[in-house]
Amino acid sequence: MIFVQPIAEITVGTNILAQPFFSFLNHPLLATANETGAEQSSLILAGVLVSLVVIYIASKVGGELCARINLPPVLGELVGGAVVGVSALHLLIFPESGSQAADSLIVKFLETTAGLTPESAASVFSAQSETVSLLAELGVIILLFEIGLESDLKELIRVGPQAAVVAVVGVVAPFAAGTAGLIYLFNISAVPAIFAGAALTATSIGITAKVLAEIGRLSSTEGQIIIGAAVLDDVLGIIVLAVVASLAKTGEIEITNIIYLIISAAVFLVGAILIGRFLSPYFVGLVNEMKTRGQLLLTALIFAFILSYIASAIHLEAILGAFAAGLVLAETDKSRELEEQILPVADIFVPIFFVCVGAKTDLSVLNPAVPSNREGLIIAAFLIVTAIVGKVITGFTLWQPGINKLAVGVGMIPRGEVGLVFAGVGSASGALSESTEAAIIMMVISTTFIAPPLLRLVFKDKPDSADEIQLDSATSQDSSSN
C-alpha cells in the first residue's frame, strides 16, 4: 500500500501531461491545415489530369488532321498546342508567359467542378503548370532516347566531319548576319542585337528528328548529318547562350565559363559513348539474367536517365545524355526489341512536349493592328529570312556527292523550344525590348511551323533505299494505328 499511491499519482500525472499533447495534435487549426494541404494536393493532381486530357486531345486532333492532308503529325501537335494555349483557348497556359490563374480555363473548370477556392487558385495553377512542364521535359528526353536508338552510331561517326561543318556554318552564318543586320540596318544597340542573333543559332533537334522519323529518313545519310549537326548545334547553342547571358548581365564575357562548357561538352559526349560501348555487353548480360517484367525497358531507361542527369549536372542539356544513351544501346543485340518497347512510353510523353511548345507560343505578336507589334513585324521579317537562309546554305557546304544538300539545309531550319529559351533568357535579363522579343518569337514560330512541311517536300521525290521506303510505310501504319 505504501507504493500504490505514488504509482497512481504518477499514472494520473502522466495522463494529465499527455492529454494536452494529444489535444494539440487534434487542434482544429492543425487539422484544418492538414486537410487543406491534402485537398490542395488533390486539386493539383486534378489540374494535371485535366491538362493531360487537353494535351492528348489537341495532339491527336491536330496530328490526325495533318496526317490526312499529307503533313507531318508533329506539325499538328504544335498547332494543336497553339490552339489550346495562350494564343487562343487559354486551356493550357503557363506563368512564365505572363499568364495568371484567373486566365486559365482549367482553373475555372476546377473552381466549378472540384471546389477550388479563389484563395488556392494561384498556388494550384503554379504547381499544375510546373508539373506539366516537367512532364514535357521528360517527353523530350524520351524522344531523344528513342531517336538515339533509331540512329546508327557508325553512320553518325562516318558523317561526323560533314555534320561538324554544317553545325559550325549553321551557327556562325545566321549569328553574324543577324547581329550585323540589326545593328547596321535597324540601329539596335549591341546587346539586344547579339541576343537576337544568338537566337538564330541553335536548331530544334526534337522537331527535326521527329519529322525525319515520320517520313522514314532518319537512317539516311542526310538524316544522320542533320541529327549530328543538330546535336553539335545544341552544344554550340548552350555555349552561345552562356556568352550572351553573361554579356547581358555583367557586360563582360566569362572566359572560364565558356572554356568549362566547351571542355565538359566534348568530354561528356565522347566519354559517354566510349564508356557506354564498353559497358554495353554487361548491360545485355544483366538484362538476360533478370526474370521480372519490363527488365529491358526499365534498365535502359535507368541508363538513359543516369546519362541525362550527368549532362544536367555539368550544365549541359539533359537531352544530350538521353541521345548518347540511345546511341550506345542501339549497338547491342537488344536494340530492335528495345525500340518496340519504348514506343508506348514515347506515345505517352512525347506529345506533351510538342503541345507545350505550341501552347507557350503567343501568336498575338503576329497582329499588325497593335501598334507596338509593327516594329517587331519588320524586324521579324528580317530575322525570318536570315534564319532560313542562314541554315539552308549549310547543306551546300557539304563536299560529298550524291547528298540531298537542300534537305540537309532545310532540316536545320526549325528553332522551336530552343529559340524560345533564348527569348525567355533575354526577356528575363532585360536585354530585349518588346519589339525585339516579339520579333524573336515570330522567327521561332515561323521556322518551327514551316520546316516540317518543307522537309517532307524536299525528301518527297528522292527515296534513298528500299529500307527507308519500308520504314516510311511502317511509320505511316503506326501513325494510323495511333
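Numbering starts at 1 and runs along the sequence shown.
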Is there a donor-acceptor pair closer than 3.5 Å between any side-chain N or O of [X] and the backbone N or O of [Y]?
| X | Y | result |
| --- | --- | --- |
| Q224 | L218 | yes |
| K405 | L398 | yes |
| K391 | T201 | yes |
| T447 | V444 | yes |
| S59 | Y56 | yes |
| T394 | V169 | no |
| S335 | E331 | no |
| N404 | V458 | yes |

Just so I know, are the side chains of [X] and [Y] near enough to count as touching, which here means a heavy-atom distance under 4.5 Å?
| X | Y | answer |
| --- | --- | --- |
| V357 | F353 | yes |
| F283 | L279 | no |
| L383 | M442 | no |
| I403 | E222 | yes |
| V86 | K360 | no |

Give, for atom [atom1] of [X] and atom [atom2] of [Y], the distance between the pair rounded to the nearest 0.5 Å.
| X | Y | atom1 | atom2 | answer |
| --- | --- | --- | --- | --- |
| F323 | L143 | CZ | CG | 10.5 Å |
| L343 | L297 | CG | CG | 10.5 Å |
| T332 | E337 | OG1 | CD | 9.5 Å |
| I352 | L134 | CD1 | CG | 11.0 Å |
| I342 | D347 | CD1 | CG | 10.0 Å |

Take atom [atom1] in [X]; do more than 12 heavy atoms of anything else shown fall under 6.0 Å from it?
| X | atom1 | answer |
| --- | --- | --- |
| I450 | CD1 | no |
| Y309 | OH | no |
| Q341 | CD | yes |

For [X] and [Y], which heavy atoms make the closest approach, and how far apart are they?
| X | Y | result |
| --- | --- | --- |
| A82 | S87 | O-CB, 3.6 Å |
| A230 | M412 | N-CE, 4.1 Å |
| T208 | P414 | OG1-CG, 3.1 Å |
| S280 | V328 | CB-CG1, 4.4 Å |

Please list, one pair per line, the donor and acceptor atoms closer than 3.5 Å that link side chains of residues 172-187 to other protein atoms, with sequence neighbours excluded.
unit_1: T179; atom_1: OG1; unit_2: F175; atom_2: O; d: 2.8

Margin query: Restricting to salt bridge (Lys or Arg N to Asp or Glu O under 4.0 Å), what partner residues turn up for E339, sequence neighbours left out?
Written below: R336

